[in-house]
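First up is the structure itself, then whatever we jot down about it.
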Amino acid sequence: MVKFERVPLLLGLVLVLTLVGAKASEPVCRQAEKFSRASFPEGFLWGTATAAFQVEGAVDEGCRGPSMWDTFTKKYPHRCQNHNADVAVDFYHRYKEDIKLMRDLNTDAFRLSIAWPRIFPHGRMSKGISKQGVQFYHDLIDELLKNKITPLVTVFHWDTPQDLEDEYGGFLSGNIVKDFTEYANFTYHEYGHKVKNWITFNEPWVFSRAGYDVGKKAPGRCSPYIQEWGKHCEDGRSGFEAYQVSHNLLLAHAYSVEAFRACKQCAGGKIGIAHSPAWFEPADLESVGAPIERVLDFILGWHLHPTTYGDYPQSMKDRIGHRLPKFTEAEKRILKNSADFVGMNYYTSLFGANMQTGDSKNPSWTTDSLVQWESKTVDGYKIGSKPAGGKLDVYSRGMRKLLKYIKDNYGDPEIMITENGYGEDLGDLHNDVATGTNDHNRKYYLQRHLLSLHEAICDDKVNVTGYYVWSLMDNFEWQDGYKARFGLYYIDFLNNLTRHQKVSGKWYADFLKPGFPTSKIVREEL
Ligand SMILES: CC1=CC(=O)CC(C)(C)[C@@]1(O)/C=C/C(C)=C\C(=O)O[C@@H]1O[C@H](CO)[C@@H](O)[C@H](O)[C@H]1O
């Protein structure tokens, strides 16, 4: 029998054992009267995200050199809606005003990217450094810090210096590893004492597949047999180049992380990659299990497996064979554990249908995975709702499932949602400010995803530490030009790029306002 006076002692022992048993990384959720930022763990970062090429403009200022996206938009205007990013939304000149908008949203974090050709206009240091470019990012970062907004810096968001494209084909060549590492290392040493959160690469899967397998994004390379885009591609080799590009990119990541970890002024900082997986549900019984595992390996494991475990997923090696480059043992060692956190950009989910055979004569990333992407099951069920004008199906559970999947399969890492947002094409009403700001669909999208995120953190105990809405404001949406709007602020392109807060922006600001009764939505309504 337990004697009364021993009870406190026993309770103390239980408490100690519980604390020892609990993982230090496990999130501590808080009770809040209303669903709001107060429902999330203390210290969670709330922000918005952008990328240099999509917002800055000023492409000829401060000695900036051209990037491959400048070339792509000028050489193939028809592949980008006849739009370019020469002015974009003029963030280069208006960043102070835009930081006020971030304050108005009650955000405390901001994801930006550095444009490589703004720092090294010709791609490498020996060919010149742009002092103005370097200064621009100092000014921007200082202004953020002055406003108590924590920067998350992406070193590379797709704007390869054109000179490196011309010299050796950019990421198609192993030469990029040295040049990228030099550039990244320069940024770490220049800004590492001010910036503690870093991302080396944005969305390697999209960069390699869309640029070098499908040909939809710069540099627009693919084989002629690729549906829809093949007719536009002047050069390329689908089923080969994307794997080579990612191989070089992964090595560039690993060597640059080694440089980051050796950089004294970067001490206390962390660095990762921003991935962009979709979640997949099986389209039929035949697709349950292995096919879904395989497509997740292809879309996420391709880059997350090497940076966690040092090599590509076995399913990719089995399927792609000699077309998948191999890492040496030394490279595997440097790749392993080369990310301090996992960045995840989440937008949508799809159904995956098992394919019996690939197309060995006409290889491509998609057929290599032996999984067909579908937006409906054979019975006609949709993965989620797609409001009129919306770019993608809305399926917030996919985000929760992916977070749990990463926790379970990649060693329970720290994760940041580095992008999440709703894109729409307003069609004929593109320039109608009232329509553009009345974006209830975006507000619902954010609400649903934040509820799923809360479940991932508080119920599944996934270690998520930040959330960034894509995007602060409408901007240059790559091959969709300015037609697709993602912002919490509407840009009036006909009226001096005036910024207008949308309904979604107002909602996010309220959600983030300390103590504000933001919303009556409860889980059952999901
Ligand atoms: C949007 C998606 C459609 C698909 O068919 C495949 C997905 C579901 C995996 C998908 O998420 C692909 C996304 C792509 C191609 C691009 C992307 O995620 O880009 C990032 O998102 C922003 C909005 O598109 C973009 O502006 C930003 O620069 C990118 O980081």
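All ligand and atom numbering here is 1-based and tracks the order in the structure. Hydrogens, waters and symmetry mates play no part in the numbers below; they use all other heavy atoms, side chains included.
Taking distance alone, with nitrogen or oxygen atoms compared against 3.5 Å, W158 stays at or beyond that limit from ligand 1. At a 3.5 angstrom cut-off on N or O pairs, E203 counts as close to ligand 1. Checking only distances, S276 never comes within under 3.5 Å of ligand 1, N or O to N or O. Polar contact with ligand 1: present for W470 (N/O pair, distance under 3.5 Å). The shortest N/O to N/O separation between T348 and ligand 1 does not fall below 3.5 Å. No N or O atom of W373 sits closer than 3.5 Å to an N or O atom of ligand 1.
Taking the charged nitrogens against the carboxylate oxygens, R397 and E455 have no contact shorter than 4.0 Å, which rules out a salt bridge. In summary, E56 and R64 do not engage in a salt bridge, as defined by a charged side-chain N under 4.0 Å from a carboxylate O.
The closest approach between a heavy atom of Y346 and any atom of ligand 1 is not below 4.0 Å. Ligand 1 lies out of reach of K391, whose nearest heavy atom is not under 4.0 Å from it.
Residue-level proximity to ligand 1 for N475 is absent, since no heavy atom of it falls below 4.0 angstrom. When heavy-atom distances to ligand 1 are checked against a 4.0 Å cut-off, E419 comes that close only through its side chain, counted from C-beta outward.
If you run salt bridge (charged side-chain N to carboxylate O under 4.0 Å, His left out) between E424 and each of K502, K483, R442, only R442 comes through.
Scanning the protein for heavy atoms near atom 11 (O) of ligand 1, the closest one is Y347 CB, 4.0 Å.
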